[in-house]
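Below is one structure, written out as structure tokens; comments come after it.
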Amino acid sequence: MERQRHKRKKHRIVLLASDAVNAGVEQIHYHPWGPWIVILVLCAFLGACLGYFYVTEGLRTERDMDSSEQQAQIAQLEQEKSELESQIESLNETIQILSNTVNQKTQNENQLSEQLEKQTLPTEFPLTGAVTMDMAPEGDPMCIFIATDGAMVVATAGGTVTAVNDDSEYGHNVWVDHGNGYVTVYRNSGEIKVKQGESVTQGTTLFLIGDENTRLGYQMLKDGAYIDPMEMLAISG
């Protein structure tokens, strides 16, 4: 029968003695694993402290990086905002220039339209030089003018010659459509200076007045109906 060996637990005892006569001896049992527990606790505490430090430092570093990125983004946005404001200001200046140009063009077009309208409105006198008026015949409204030798029958406004006909009483007649509802008719026996389909302007010569054709019959229509030409003529003097 084998002899069983039992491991004996080791115990370390610390004896504390005193020099006093009546002092006793104290025994302190010292376990060998006690220091290891202390060391382990200290290591755990130190590890926890180091871990906390590294985690805190990492969070601080990450926060600083985020803050730096945010500041960089803010700076970039501010720069983009400044550039956009500059572009907007430049566009506003361009728009203002274009607006002024359009307004000026519109004003010029209005002025031109007014001039064209004025030039196509039969308000000018149909003869050059000194003239006298004769009694108009009954019937359609008409003005009868007696001109002097060398005068000219002229268009009272711009338009298009729509007809050049023979006239049983005056010799010839010329019709001018002014494109705004007005049509003027010039009756004279002199030499005709225009042709049908020809465009004329205010003051264009239609007839030459000589000794034998000093008489001019002048008529005006508005929207196809005869009107009194004197209501439109701008006579001065």
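Residues: numbered from 1 along the sequence shown.
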Nearest heavy atoms of [X] and [Y], plus distance in Å:
| X | Y | result |
| --- | --- | --- |
| Leu208 | Asn213 | O-ND2, 2.8 Å |
| Arg215 | Ile144 | NE-CG2, 3.8 Å |
| Lys193 | Glu198 | O-OE1, 4.5 Å |
| Gln202 | Gln119 | NE2-O, 3.8 Å |
| Thr156 | Glu124 | CG2-O, 3.0 Å |

Counting only heavy atoms not in [X] (residues, nucleotides, ligands), do more than 12 fall under 6.0 Å from its [atom1]?
| X | atom1 | value |
| --- | --- | --- |
| Lys222 | NZ | yes |
| Gln111 | CD | yes |
| Glu212 | CD | no |

For this session: State, yes or no, whether a side-chain contact exists between Arg187 and Glu169 at a heavy-atom distance under 4.5 Å.
Result: no

Exercise. Have Gln104 and Asn108 got a donor and an acceptor in their side chains that come within less than 3.5 Å?
Worked result: yes

Problem set entry | Donor on one side chain, acceptor on other, Gln96 and Asn92, under 3.5 Å | no

Exercise. Looking at Asp177, Val194, Thr204, which one forms a side chain to side chain contact (heavy atoms under 4.5 Å, CB included) with Val161?
Worked result: Val194

Do [X] and [Y] sit in the same hydrophobic cluster, where Ile, Leu, Val, Met, Phe, Trp and Tyr count as joined when their side-chain heavy atoms come under 4.5 Å apart?
| X | Y | answer |
| --- | --- | --- |
| Ile146 | Leu233 | no |
| Val154 | Val200 | no |
| Met133 | Tyr226 | no |

Seminar exercise, completed: Residues pairing under ring-ring contact (aromatic ring centres under 6.0 Å, His included) where one sits in residues 139-191, two or more places apart or in two chains, turn out to be Phe125-Phe145, Tyr186-Tyr218

Exercise. Does anything in residues 59-89 pair up under ring-ring contact (aromatic ring centres under 6.0 Å, His included), and if so which pairs, sequence neighbours excluded?
Worked result: none

